[in-house]
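We count residues from 1, following the sequence as given. Whatever order the structure lists ligands and atoms in, that order sets their numbers, starting from 1.
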Amino acid sequence: MSTPHIEAAPGSIADTVLLPGDPLRARHIAQTLLDGAIQVTARRNMLGFTGDYRGRRISVMGSGMGIASTAIYATELIRVYGVRRLIRVGTCGGIGDAALGEVLLAQSASTDSRFNRHAFGDLDLAACADFGLLQSAASAAARLGIAARVSAVFSTDTFYDEAAGRLELLRRHGIRGVEMEAAGLYGLAMREGVQALAILTVSDHLDHDAHLSADDREQGLGRMAQLALECALAA
Ligand code: HPA
């Protein structure tokens with residue numbers, strides 16, 4: 001068994017998958033945080049690994065960038081490999097009172113994508129995280145001493161967005177982070193009856209044109225991956 005985009009053998013992917021956008025980040029997480037990790041797929045260089053975290057079998061696989069790419073992998077992971085829990089670990093642009101380096105636990109994800117409308121009769125879906133995962137992530141963050149806030153985020157299809165007034169509109173709705181995947185992942189998980197959560201480090205501030213240094217980014221991503229793994233254990 002394999003899919004058009006995943007060549008893993010049946011049974012080689014755990015029921016819980018961490019999804020960073022970058023496949024090399026997936027490899028890094030597997031090599032640094034999982035015991036006995038083995039590579040299970042590399043089709044199109046979208047690397048996936050399975051190993052153990054504190055005795056629990058967990059996989060980590062790149063999702064690519066954007067809802068379109070993420071939804072392809074998530075759909076195949078759910079429908080073909082039986083994955084029940086998807087935890088995105090990524091970065092976002094911060095707006096309003098978001099602080100560089102802080103972690104956002106995305107409770108809801110609004111979007112300019114038509115991905116969920118397409119599946120929801122052109123209605124507006126309230127794309128939201130699984131509450132159990134959200135709660136587990138919030139408790140794990142408190143335990144690990146990681147500054148994390150449950151937040152509303154916005155998933156855009158357009159990284160280089162020049163729409164006038166867009167940031168102001170998001171700020172006025174209390175949205176704290178902009179990224180490109182959560183709304184699609186949440187909508188898909190709701191339709192498929194599985195759990196999903198996006199855990200995001202604020203890597204840039206969109207109001208102030210501020211950016212995390214490469215070192216801080218690296219460190220932040222490592223902490224976030226650990227948080228995701230702890231959250232997976234509790235779920
Ligand atoms: N926009 C969209 N996605 C992102 C950003 C951003 O500013 N930063 C990190 N991911």
Side-chain angles (χ1 to χ4, degrees), residues 18-26 28-29 46 60-74 86-117 127-129 137 141 146-189 196-225 227-228:
L18 262 56
L19 288 174
D22 177 355
L24 296 183
R25 168 77 35 201
H28 185 72
I29 292 170
M46 196 54 82
V60 51
M61 180 177 174
S63 69
M65 288 178 283
I67 288 174
S69 174
T70 302
I72 288 172
Y73 293 108
L86 297 142
I87 306 176
R88 161 165 158 67
V89 284
T91 57
C92 66
I95 48 185
D97 70 354
L100 266 192
E102 84 167 316
V103 171
L104 306 184
L105 306 176
Q107 178 174 33
S108 66
S110 300
T111 187
D112 54 16
S113 159
R114 287 195 52 80
F115 180 79
N116 289 330
R117 283 195 169 199
C128 57
I146 296 174
R149 279 195 289 176
V150 172
S151 301
V153 306
F154 186 81
S155 306
T156 183
D157 276 347
T158 308
F159 184 87
Y160 295 106
D161 193 351
E162 293 170 14
R166 171 60 65 86
L167 285 182
E168 176 53 23
L169 205 57
L170 299 183
R171 211 179 294 116
R172 273 196 50 207
H173 286 82
I175 286 168
R176 217 174 253 138
V178 180
E179 52 85 78
M180 302 188 72
E181 293 83 13
L185 181 64
Y186 287 1
L188 179 66
L197 175 68
I199 303 179
L200 307 163
T201 296
V202 178
S203 59
D204 314 276
H205 203 295
L206 304 181
D207 298 336
H208 315 125
D209 198 26
H211 312 278
L212 275 190
S213 68
D215 275 359
D216 286 348
R217 201 181 166 101
E218 188 64 32
Q219 207 173 30
L221 289 167
R223 294 282 283 160
M224 185 172 52
L227 171 58

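Residue Thr70 comes nearest to Glu181 through the heavy atom pair OG1-CG, 3.1 Å, listed as atom of the first residue, atom of the second, then distance. The two atoms that bring Glu102 and Asp97 nearest to each other are OE2-O, 4.0 Å, heavy atoms only.
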List below, pair by pair, the N or O atoms of ligand 1 and of the protein that are less than 3.5 Å apart, including the distance to 0.1 Å; reply 'none' if no pair qualifies.
from: ligand 1; atom 1: 8 (N); to: Gly93; atom 2: N; distance (Å): 3.2

Derivation and outcome, salt bridge (charged side-chain N to carboxylate O under 4.0 Å, His left out), residues Arg223 and Glu218: CA-CA 9 Å; Arg223 294 282 283 160; Glu218 188 64 32; over 6 Å; no
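One N or O on the side chain of Thr111 and one on the backbone of Ser155 form a donor-acceptor pair closer than 3.5 Å.
A salt bridge does not link Arg114 to Asp157: none of the charged side-chain nitrogens sits closer than 4.0 Å to a carboxylate oxygen.
Distance CZ/Arg88 to CG/Leu19: 8.5 Å, rounded to 0.5 Å.
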